[in-house]
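Keep in mind that what you see is a predicted model, and the values were worked out from it rather than measured.
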Amino acid sequence: MSEPVLLSIQVGMPRANGVAGAADPMDQPWFSGFYKAPVAGPVRVGRLNLAGDGQADLSAHGGPDRPILAYCAEHYDRWREERVIDDAPFGSFGENFTVSGHHESEVCIGDQYAVGPVRLEVSQPRQPCWKLARRWRNKGIPALVIRHDRGGWYLRVLEQGTVEAGMGVQLLDRPFPQWTIARANHLLRHGMEDPQTCRALAACPAISADWRQYLNKRADAK
């Protein structure tokens, strides 16, 4: 398989959306950093954000464990083939990095990648929320994302630097091949049935702090 490529980079700051008093709930006001626009040229990657990017809800996005959201470029073709979305630019699922040749069934928690001088580590899956439904004006999209395992994954920044669309994404290390993003997603949905495995993933050194806390809580509830 050829080396994955960072096809597109997107950034965007939190902004107000919708119209006060709108009759349709989809049109009512909401505030989010979901909308991301492609960037041409070099982009600085910091510990907490890409240059020009921001998150509105830091309880679910951003911070040292989740400064970058990555998404599989090939998912866009599948969504179009299934007639779920019309033609849409990269970034339409809220991602910062749109990467070819990487998907949830092979990307693993703890994977370390080099993109030029930048070093990145996979920290957790991305779980779709109501903002995805608002973006597409389709209440059913979050459920479809979950069903097809097309949510993407978050990256933490180990070494800062500058990246640009078109760079290769080189796998440097895969210390936890057993913990694919797809498997972690399955565990999150069905963890009550398997507390031992919940604890095993929670013990993975690379998992985000929020996921560790939630998995341990799920295991304790059994």
Can you list the steps and then say if Glu74 with Ser100 is a side chain to side chain donor-acceptor pair (under 3.5 Å)?
CA-CA 6 Å; Glu74 287 76 15; Ser100 68; 4.8 Å; no
Kindly indicate, with the supporting measurements, whether the criterion side chain to side chain donor-acceptor pair (under 3.5 Å) is fulfilled by Arg66 and Ser208.
CA-CA 8 Å; Arg66 299 170 299 202; Ser208 70; 5.5 Å; no
Do His75 and Glu104 pass the side chain to side chain donor-acceptor pair (under 3.5 Å) test, and can you show the C-alpha distance, the side-chain angles, and the key distance before you say yes or no?
CA-CA 10 Å; His75 287 346; Glu104 289 78 0; 2.8 Å; yes
Show, in sequence, the C-alpha distance, side-chain angles and deciding distance for Arg150 and Glu82, and conclude whether the salt bridge (Lys or Arg N to Asp or Glu O under 4.0 Å) test is met.
CA-CA 13 Å; Arg150 297 178 192 164; Glu82 294 161 2; 2.8 Å; yes
Worked check of side-chain contact (heavy atoms from CB on, under 4.5 Å) between Arg189 and Ile146:
CA-CA 9 Å; Arg189 294 193 293 272; Ile146 291 171; 3.4 Å; yes
Which is it for Thr180 and Ser105 under the side-chain contact (heavy atoms from CB on, under 4.5 Å) test, yes or no, and what are the steps along the way?
CA-CA 6 Å; Thr180 64; Ser105 64; 5.9 Å; no
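Checked for salt-bridge contact, Asp53 and Lys36 meet the test: a charged N lies under 4.0 Å from a carboxylate O. Salt bridge Asp27/Arg134: absent, no basic N to carboxylate O contact under 4.0 Å. Under the 4.0 Å criterion applied to side-chain N and carboxylate O atoms, Asp220 and Lys217 are not assigned as salt-bridge partners.
Checked by atom type and distance alone, the side chain of Glu95 never pairs as donor or acceptor with a backbone atom of Ala70 at under 3.5 Å. Although no hydrogens or angles enter the test, the distance criterion places a donor-acceptor pair under 3.5 Å between the side chain of Asp65 and the main chain of Ala209. Using a distance-only test at 3.5 Å, with no hydrogens or angles considered, a donor-acceptor pair links the side chain of Asn216 to the main chain of Arg212. Looking at Asp57, its side chain does come within 3.5 Å of a backbone N or O of Ser59 through a donor-acceptor pair. No side-chain donor-acceptor contact under 3.5 Å links Asp173 to the backbone of Gln112.
To the nearest 0.5 angstrom, Leu171 atom CG is 9.5 Å from Glu3 atom CD. Taking NE2 from His186 and CG from Asp194, the interatomic distance works out to 8.0 Å, rounded to the nearest 0.5 Å. Trp153 contributes atom CH2, which lies 12.0 Å from atom CZ of Phe97 (distance to the nearest 0.5 angstrom).
Side-chain rings of Tyr113 and His102 approach one another, their centers coming within less than 6.0 Å. Ring-centre distance between Tyr71 and Phe90: not below the 6.0 Å cut-off.
Between Tyr154 and Arg126, some side-chain heavy-atom pair lies under the 4.5 Å cut-off. Contact of the Trp136 side chain with the Ile85 side chain is registered, since non-hydrogen atoms from C-beta on lie closer than 4.5 Å. Side-chain contact between Asp24 and Arg137: present, with at least one pair of heavy atoms (C-beta onward) separated by less than 4.5 Å. The side-chain heavy atoms of Arg156 and Ile68, taken from C-beta on, include no pair separated by under 4.5 Å. The closest side-chain heavy-atom distance from Leu187 to Leu201 is below 4.5 Å. Between Val122 and Leu155 there is a side-chain heavy-atom pair separated by less than 4.5 Å. Between Thr197 and Arg183 the shortest side-chain heavy-atom distance falls below 4.5 Å. Looking at heavy atoms from C-beta onward, Ile9 lies out of side-chain contact with Asn96 at the 4.5 angstrom threshold.
No more than 12 heavy-atom neighbours from other residues, nucleotides or ligands sit within 6.0 angstrom of CG on Asp86. No more than 12 heavy atoms of other residues, nucleotides or ligands sit less than 6.0 Å from atom CZ of Arg83. The environment of Gln160 atom CD is dense: over 12 non-hydrogen atoms of other residues, nucleotides or ligands sit within 6.0 angstrom. At most 12 non-hydrogen atoms from other residues, nucleotides or ligands lie less than 6.0 angstrom from CD of Gln196.
Closest approach of Ala51 to Val11, counting heavy atoms only: O-CG1, 3.6 Å. Contact detail for Gly101 and Pro4: the closest heavy-atom pair is O-CG, 4.1 Å. The minimum heavy-atom distance between Pro195 and Ala219, with the atom names listed, is O-CB, 3.6 Å. Closest of all the heavy-atom pairs between Arg135 and Ser92 is NH2-OG, 3.3 Å. Contact detail for Pro67 and Pro64: the closest heavy-atom pair is CD-O, 3.6 Å. Annotation for Val169 and Val5: closest pair CG2-C, 4.0 Å, computed over non-hydrogen atoms.
With sequence neighbours excluded, no residue forms a ring-ring contact (aromatic ring centres under 6.0 Å, His included) with Phe31.
Between Phe93 and Trp79, the ring planes lie parallel to each other; the angle is under 30°, not in the 30° to 60° tilted range.
Thr162 and Glu164 share no side-chain donor-acceptor pair at under 3.5 Å. With hydrogens and angles left out, the side-chain atoms of Arg218 and Tyr214 include a donor and acceptor closer than 3.5 Å.
Follow the hydrophobic side-chain contacts under 4.5 Å out from Ile181 and you reach Phe176 in the same cluster.
Stacking of Arg15 on the aromatic ring of Tyr35 is recorded, both the 6.0 Å distance cut-off and the 45° axial limit being met.
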